[in-house]
Amino acid sequence: PDPEGCELRGRIAALHGLRPENVLLGNGSDDILNIAVRCFAGEDESIACFKPSYSLYPVLARIQGCSCTQIRLDEASGFSVPEDFIARVSDARLFIACRPNAPTGNSMPRREVERLCGGFKGAVLVDEAYADFSEDNCVDLLPKYPNMIIARTLSKSYSLAGLRLGYALASPEIIDGMMKVKDSYNVGVLVQKIAMAAISDQEYLRGTISRIKNTRAHLSTSLLAKGFKVCPSESNFVFASPPGGDAEGLYLSLKSKGVLVRYFAGEDTGRYVRISVGTDDDIHRLLELI
Ligand SMILES: *Cc1c(COP(=O)(O)O)cnc(C)c1O
């Protein structure tokens, strides 16, 4: 394959109003995250992220032999970002902020992303795996902050998780550096072709996203009406806590009926389940069982 994937890079750059030099292709966005950690954090250095957030970040740090500072989001205020978080990560070389966040589904305010990019001396990677389901994203901030990287994937909004195509958007200097660290042929010929076709059909994408947003609104309203605490979702899942908080019991009883939701044991997450926004029929069945 073309090791830099020039044709696809150009297509992605055009989609975001950027230049091909601003784009790096990856074998899924997990590959992009891995490349970023290897680029920015040496052994004995550290990266930082929020908690709860995507579980891969601390795993990548352990593999790299660096440490990972996790800033706890405030459950009581809807998993919001603590006021003083930037001061607490001043030694880190890379901050990974998932926006919208997984598994909570909410988005930290854009002004907090700006405060982080402006006030943090390392690189800031905004993981936008779910941004297509959101009302906004951070791509327009890239020219303003040379330390900012955005990671995207075709796995969620394009329903192409098996394809393995993710990409980074950043300044040409950062993309050049990441290019040196990636595997030479990390994205195959067929993946590049199929991603070209998928990205060229934005109308299909818009249709999918709009169906998911409608079903998400119905799911959230219905759960609220049943007394659940519902984290406002900008994503394709809803993080919700049943009345009484026995999320594990709910997870197990749904599982016994063949309906799978995600349960994450732990202090802040253990009272919630993460429910994927499926088809209207899926969600109807789920709500009936609840
Ligand atoms: C799914 C996901 C990814 C990884 O997606 P790929 O399939 O590797 O492209 C990265 N970050 C978050 C937050 C995700 O949910």
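No experiment lies behind these values; they were computed from the predicted model shown. Both counts, for ligands and for their atoms, begin at 1 and track the order of listing.
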Original post:
Based purely on interatomic distance, does Y130 place a nitrogen or oxygen under 3.5 Å from a nitrogen or oxygen of ligand 1?
Top reply: yes
Original post:
D176 and K180: salt bridge (Lys or Arg N to Asp or Glu O under 4.0 Å), yes or no, with the steps?
Top reply: CA-CA 7 Å; D176 269 356; K180 292 176 193 156; over 6 Å; no
Subject >> Modelled atom types, side-chain donor and acceptor of Y54 and D30, under 3.5 Å >> reply: yes
Subject >> Contact with ligand 1 for C98, non-hydrogen, under 4.0 angstrom >> reply: yes
Subject >> Minimum-distance protein heavy atom relative to atom 11 (N) of ligand 1 >> reply: D127 OD2, 2.6 Å
**OP:** Report the nearest protein non-hydrogen atom to atom 2 (C) of ligand 1: residue, atom name, distance rounded to 0.1 Å.
**Re:** K156 NZ, 2.5 Å
**OP:** For residues F79 and Y272, establish whether the separation of their ring centroids is below 6.0 Å.
**Re:** yes
Subject >> Nearest neighbour in protein (non-hydrogen) for atom 4 (C) of ligand 1 >> reply: D30 OD1, 3.0 Å
Original post:
What do you reckon, does Y54 have a nitrogen or oxygen under 3.5 Å from a nitrogen or oxygen of ligand 1?
Top reply: no
**OP:** Give yes if a backbone or side-chain nitrogen or oxygen of R164 is under 3.5 Å from a nitrogen or oxygen of ligand 1, and no if not.
**Re:** yes
Original post:
For ligand 1, which atoms have a heavy atom of S155 less than 4.0 angstrom away?
Top reply: 6 (P), 7 (O), 9 (O)
Subject >> Distance-only polar pair, side chains of D281 and T279, donor-acceptor under 3.5 Å >> reply: no
Subject >> Ion pair D280/R285, N-O distance below 4.0 Å >> reply: no
**OP:** Could you tell me if any non-hydrogen atom of S29 lies under 4.0 Å from any atom of ligand 1?
**Re:** yes
Subject >> CA sep, side-chain torsions, deciding dist, call: F85, F50, ring pair (Phe, Tyr, Trp, His ring centres under 6.0 Å) >> reply: CA-CA 9 Å; F85 80 98; F50 293 110; 5.2 Å; yes
Original post:
How are the rings of H16 and Y167 set to each other: parallel, tilted or perpendicular (split at 30° and 60°)?
Top reply: tilted
**OP:** With heavy atoms of G28 as the reference, note each atom of ligand 1 found under 4.0 Å away.
**Re:** 8 (O), 9 (O)
